[in-house]
Amino acid sequence: MDNQINQQGGGYQQGNTYQQGNAYQQGGGYQQGNAYQQGGGYQQGNAYQQGGGYQQGNVYQQGNTYQQGSPYQQGSSYQQGNFYQQGGSYGGNGYGNDNGNAEPQKAPNIFQQFAYSFVPNLYDRLIKVKVGSMIGFVTLLVLAATLLSFVSVMVSFSSVDMEEIAAQMPEFTLENGRLYMDEDFMLDEGGVFVYMTEDIESFSYDDVDEIIDEGYHSVMLVGRDRISIMNNGEYQQMDFRDLGDSFSLSREWIATGLAPFVTVIIVVAYIVYFLWRILWYFLCAAVYLLIAMLIASVMSKQIPGEVLFRVAVYAKVLMFVVAAFLDLIPMVDIPVSLLLRAAVTTAFMGFAIKKLPDNRPAPAPMMGQGWR
């Protein structure tokens, strides 16, 4: 019986508490995992592991007022752009067409430029004209005046009977760049005066103008080396040596072939005259620009030079048109003096500049507290 008990196994064979496994074999609190194995507050993550106020982001991490952007960072009125910074056609000043919202005003066309040039209060529209359009306007203005003068001269010339004039002329020859004749010739008829001589080398503008002042509308003075002609206020002259040594002219040729030749001379002369008048117009406008700058300075206005130049260009239109109109009237000799032209043009510029906006920037307002 005892053997059976020993074979079956005693309490120690079957397994005592230590064989079956005590709390330490099964796993005590430390085997199963105590609070430190499972993860205590420090393993699970305490407030510092989860992220405290500094890890989640405090007020300085999220961005305080200075990080989010203060009124100075967002942009003050000077950063956004004031009236002069928002821009216009002249670099963002009061002379521009655009204000960001309003539709840009179109610059005047050629006909509007002509009409507005007689009204100084409307020059604020003319200063918006582009340079190319302004040059085109002056070119057309001068071209119109030159063509009218050319037509007037050709009409007057066509009324002259060349055969009748040749019949009254003495024998003469024009060759080798000079005039040859036996006696002087003079014609004084119907407001036309012609004088030819080889005893005088050439005549000047003053000589022709002196005769015009006596009441003639057409004067031709022929000297040994030059011919000078003035018709209805338009003066031309030509040296015979410019014709070349092979050129020859006689009284018989005047009766038959002078008219076409003179026509060609007049055409060429008017082309040169037209180009010179355009250049002269802008040269005078440049001089008036200096006067305009002085006027603006007296009025304590800051206006761009290109704007003042436009004012000078359009202020000249009135007296240019008046002078051109008077030249077209036959039998009327009313000279427009330089002093009168300067006075009227300067007055126009003064009225126009007075109405133009000042380009001087407004004083900067103080921002913040005090001067900080």
Side-chain angles (χ1 to χ4, degrees), residues 110 114 134-162 165 174 177 187 190-196 202-213 216-223 225-244 247 249 253-254 256-285 313 316-336 338 341:
I110 296 295
F114 182 75
M134 180 184 66
I135 295 176
F137 166 76
V138 173
T139 302
L140 290 178
L141 180 67
V142 174
L143 178 61
T146 305
L147 286 177
L148 290 175
S149 177
F150 173 77
V151 171
S152 176
V153 169
M154 294 304 298
V155 169
S156 299
F157 179 75
S158 63
S159 63
V160 177
D161 190 344
M162 300 304 299
I165 293 177
L174 179 62
L187 172 67
V192 177
F193 182 86
V194 178
Y195 181 70
M196 300 176 61
S202 62
F203 295 94
S204 64
Y205 171 84
D206 293 335
D207 297 327
V208 178
D209 187 61
E210 183 178 353
I211 299 177
I212 286 290
D213 290 340
Y216 298 96
H217 62 82
S218 295
V219 174
M220 181 174 70
L221 302 179
V222 183
D225 302 324
R226 178 190 300 169
I227 178 173
S228 299
I229 301 174
M230 179 176 286
N231 185 74
N232 292 329
E234 300 293 338
Y235 175 77
Q236 294 92 28
Q237 70 178 26
M238 181 181 63
D239 294 334
F240 295 140
R241 63 176 177 272
D242 295 336
L243 300 176
F247 179 80
L249 179 65
W253 185 82
I254 289 178
T256 58
L258 179 61
F261 177 76
V262 173
T263 300
V264 173
I265 293 177
I266 294 176
V267 170
V268 174
Y270 266 93
I271 292 176
V272 176
Y273 180 59
F274 163 67
L275 298 176
W276 166 250
R277 292 182 81 177
I278 295 176
L279 178 61
W280 181 251
Y281 192 102
F282 284 111
L283 287 176
C284 292
V313 167
K316 279 178 48 62
V317 172
L318 174 61
M319 295 310 299
F320 180 87
V321 172
V322 170
F325 177 75
L326 293 177
D327 288 340
L328 296 177
I329 302 177
M331 306 300 295
V332 174
D333 184 18
I334 304 178
V336 181
L338 178 61
R341 293 190 183 193

Is any side-chain heavy atom of [Y] closer than 4.5 Å to one of [X]?
| X | Y | result |
| --- | --- | --- |
| Leu243 | Met238 | yes |
| Leu140 | Phe114 | no |
| Phe274 | Leu147 | no |

Could you tell me the separation between the [atom1] atom of [X] and the [atom2] atom of [Y], rounded to the nearest 0.5 Å?
| X | Y | atom1 | atom2 | answer |
| --- | --- | --- | --- | --- |
| Thr146 | Tyr273 | OG1 | OH | 6.5 Å |
| Ile211 | Met220 | CD1 | CE | 11.5 Å |
| Ile227 | Gln236 | CD1 | CD | 10.5 Å |
| Ile266 | Ile229 | CD1 | CD1 | 7.0 Å |
| Leu275 | Leu143 | CG | CG | 10.0 Å |
| Phe247 | Phe240 | CZ | CZ | 8.5 Å |

Under 3.5 Å donor-acceptor, [X] side chain and [Y] backbone:
| X | Y | value |
| --- | --- | --- |
| Asp207 | Ser204 | yes |
| Thr139 | Ile135 | yes |
| Ser156 | Ser152 | yes |

Which atom pair, heavy atoms only, marks the closest approach of [X] to [Y]?
| X | Y | value |
| --- | --- | --- |
| Glu234 | Ser149 | CG-OG, 3.0 Å |
| Gln237 | Ser228 | CB-OG, 4.0 Å |
| Gly190 | His217 | O-NE2, 3.4 Å |

Practice prompt. Identify the residue among Asp209, Val194, Ile212 that makes a side chain to side chain contact (heavy atoms under 4.5 Å, CB included) with Val219.
Written response: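 Output: one option passes, namely Ile212.
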Worksheet item: Would you call the rings of Phe320 and Tyr281 parallel, tilted or perpendicular, where under 30° means parallel and over 60° means perpendicular?
Response: perpendicular
Worksheet item: Going by the angle between their ring planes, with limits at 30° and 60°, are Phe203 and Tyr195 parallel, tilted or perpendicular?
Response: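 The rings of Phe203 and Tyr195 stand perpendicular, inter-plane angle above 60°.
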Worksheet entry | Within 6.0 angstrom of Phe325 CZ, more than 12 heavy atoms from elsewhere | no
